[in-house]
Visitor: 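Handing you this structure, nothing more for now.
Letters go in sequence order (proteins before strands), and every chain restarts at 1. Just so it is clear, the values below take in all heavy atoms, side chains as well, and ignore hydrogens, waters and symmetry mates.
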Number of protein chains: 2
Amino acid sequence: MPQGKPLLVPDDGLTTRQRRLKPLVIVHTGPGKGKSTAAFGLALRAWNAGWPIGVFQFVKSAKWRVGEEFALRALGQVHEQTGQGAPVAWHKMGEGWSWIQRDIADQAENAREGWAQVKRDLAAETYRLYVLDEFTYPIKWGWVDVDDVIETLRGRPGTQHVVITGRDAHPRLVEHADLVTEMTKVKHPMDVGQKGQKGIEW
Amino acid sequence: MPQGKPLLVPDDGLTTRQRRLKPLVIVHTGPGKGKSTAAFGLALRAWNAGWPIGVFQFVKSAKWRVGEEFALRALGQVHEQTGQGAPVAWHKMGEGWSWIQRDIADQAENAREGWAQVKRDLAAETYRLYVLDEFTYPIKWGWVDVDDVIETLRGRPGTQHVVITGRDAHPRLVEHADLVTEMTKVKHPMDVGQKGQKGIEW
């Protein structure tokens, strides 16, 4: 339960409030559904808390997550118009990152460019919630150096929460993360021949 | 990947399109985080697809999910004002169900009243996505009859998707569901003494 008692109180010199407000690194991994979906669900909470949200999609195709993108962008507009909630920025590799004009042909370079921007944003404290969607893959494939990721996360200033999704999270990332959930497939309609459908899969 | 090929094509007499549009029963269970969060993430997709969304929170306290509630209600307002997306209805047991005036003291009766309304809404095809949050518990505790749940889900008309969240999903519910994901805790900050925080846990 969200507001339950912790199992033990650590001897870390922090007050309960400091410990409570500790910025988190959250990893959603495993072969099951819901890794990204839960990350975007977290973004709903962040929006309501007034935290600026930055989404970085580390996938080639921008075909997926369109439902989440439109809905979160709509929430960003609600913020612009009424002040309710928080701003939402959505960056995707598949269509060229938002901050560069050119489309990078090379996948690895593309992923590194995305990570370089995340580093700049973390240093500038641009957002309070980062969703690094499918970011486990560029790490797994060695396109982005896991040591650089850990070091950057460890040294990030202020109160910036980072959610990383994707299968096969690097063991060092799991080790560093504060909260790791593994989504396991128990049963999936594709197993019995059903295909994905709008509204459910994208 | 959402739009991948199914492993086998079943001999069920349905066309690919009929099979693709088959309404789903989705269960998010297990001891890990993200069960409800992923359900609310799915609601973002449904909203973008123009599907009316009905959320039923089967928990006593309405303190949780406030972030999701405000954000999804804001999206419901966007729909009212612009026609974009879909309407959102949010019902919670903790504050008395939206459709009744009185507050029911007895938990079991309260849960049964919620389920009775879900049945009425399914029969009337009120929504296209139902989020029955923490609904595994009233089933587990015998407050709501699992056979009635399965029979109702099996016989529901039209194209209505139902997502049920909570630990310890009843085996018969898992058996009936089309898509079941188990969220497993790998690591949680409460294990090392951290408490929940706004924006992350609620």
Visitor: Ignoring hydrogens and geometry beyond distance, is a side-chain donor-acceptor pair present between A/Gln57 and A/Trp90 at under 3.5 Å?
Guide: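 The answer is yes; a qualifying pair exists.
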Visitor: Side-chain donor-acceptor pair under 3.5 Å between A/Asp168 and A/Thr136, yes or no?
Guide: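 No, A/Thr136 and A/Asp168 have no side-chain donor paired with an acceptor closer than 3.5 Å.
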Visitor: Taking side chain as everything from C-beta outward and backbone as N, CA, C, O, which of these in A/Gln81 sits under 4.5 Å from a heavy atom of chain B? Side chain, backbone, both or neither.
Guide: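 Neither; nothing under 4.5 Å.
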Visitor: Going by residue number, which parts of residues 39-53 of chain B are within reach of chain A, meaning a heavy-atom gap below 4.5 Å?
Guide: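 Under the 4.5 Å heavy-atom cut-off, B/Phe40, B/Gly41, B/Leu42, B/Leu44, B/Arg45, B/Ala46, B/Trp47, B/Asn48, B/Ala49, B/Trp51 qualify.
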Visitor: Under a plain distance cut-off of 3.5 Å, with no hydrogens placed, do B/Trp141 and B/Gln107 share a side-chain donor-acceptor pair?
Guide: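 Judged by distance alone, the side chains do not pair up.
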Visitor: Residue by residue, scan residues 110-124 of chain B and write down, ordered by number, those that have a heavy-atom distance under 4.5 Å to chain A; if none do, write 'none'.
Guide: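 Counting heavy atoms that sit under 4.5 Å from chain A, no residue of residues 110-124 of chain B is involved.
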Visitor: Using non-hydrogen atoms and a 4.5 Å limit, figure out which bit of B/Val174 sits close to chain A: side chain, backbone, both or neither.
Guide: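 Contact with chain A: backbone and side chain both.
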Visitor: Within this structure, what is the CD1-NE2 distance for the pair A/Ile164 and A/His176, rounded to the nearest 0.5 Å?
Guide: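 Answer rounded to 0.5 Å: 8.0 Å.
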Visitor: With distance as the sole test, does A/Lys35 use its side chain to make a donor-acceptor pair with the main-chain N or O of A/Gly30 at under 3.5 Å?
Guide: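 Yes: the side chain of A/Lys35 pairs with the backbone of A/Gly30.
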Visitor: Could you tell me whether the side chain of B/His28 reaches within less than 4.5 Å of the side chain of B/Ser36, counting heavy atoms only?
Guide: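 When only atoms from C-beta onward are counted, B/His28 and B/Ser36 do not touch, as no gap falls below 4.5 Å.
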Visitor: Out of B/Val78, B/Leu75, B/Leu129, return the one with the most heavy atom pairs under 4.5 angstrom to chain A.
Guide: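 Of B/Val78, B/Leu75, B/Leu129, B/Leu75 has the most heavy-atom pairs under 4.5 Å with chain A.
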Visitor: Any side-chain heavy atom of A/Val162 within less than 4.5 Å of one from A/Val131?
Guide: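 A side-chain contact under 4.5 Å is absent here.
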